[in-house]
Amino acid sequence: NSKVKFKETDLFRVYQSIDLGNLKDGSELAANMPNLMKLKNAIYSPQYRAFIENIAGLEAGSLTDEVDCAANCHTRGCHLLCH
């Protein structure tokens, strides 16, 4: 299981996981979450970036391999305001 941290601003109040970019192959955390690693590897792959560029009408190679991706958990009293 991944640890989550409580985060709060004027726009949100959530529990958030680590950024998937910081989840490294071969780490103990990665070994405990093989399905999450499969998702991370798919999202961070050159093939996925090319797919997104294509459907968004972007020039090939415009997306970088730097992706911010984390999971948010909303419990009673948590929120995410539209912005």
* Structure fact -> In this structure, CG of L29 is separated from CG of L36 (nearest 0.5 Å) by 8.0 Å

* Asked: Residues in side chain to side chain contact (heavy atoms under 4.5 Å, CB included) with L63, at least two apart?
  -> R49, I52, E53, L58

* To do: Only one of L23, L20, L39 passes side chain to side chain contact (heavy atoms under 4.5 Å, CB included) with C69; say which it is.
  => L20

* What closest approach, in Å, do F12 and L80 show between heavy atoms, and which atom pair accounts for it? -> CB-CD1, 3.8 Å

* Heavy-atom pair of closest approach, residues D19 and Y44 -> OD1-OH, 3.5 Å

* **Which atom of C73 lies closest to which atom of C78, heavy atoms considered** => O-SG, 4.4 Å

* F6: what forms a ring-ring contact (aromatic ring centres under 6.0 Å, His included) with it, not counting sequence neighbours? -> Y15

* Asked: Any donor-acceptor pair under 3.5 Å linking the side chain of N41 with the backbone of M37?
  -> yes

* Structure fact -> The salt bridge (Lys or Arg N to Asp or Glu O under 4.0 Å) partners of E8 (sequence neighbours excluded) come to R13

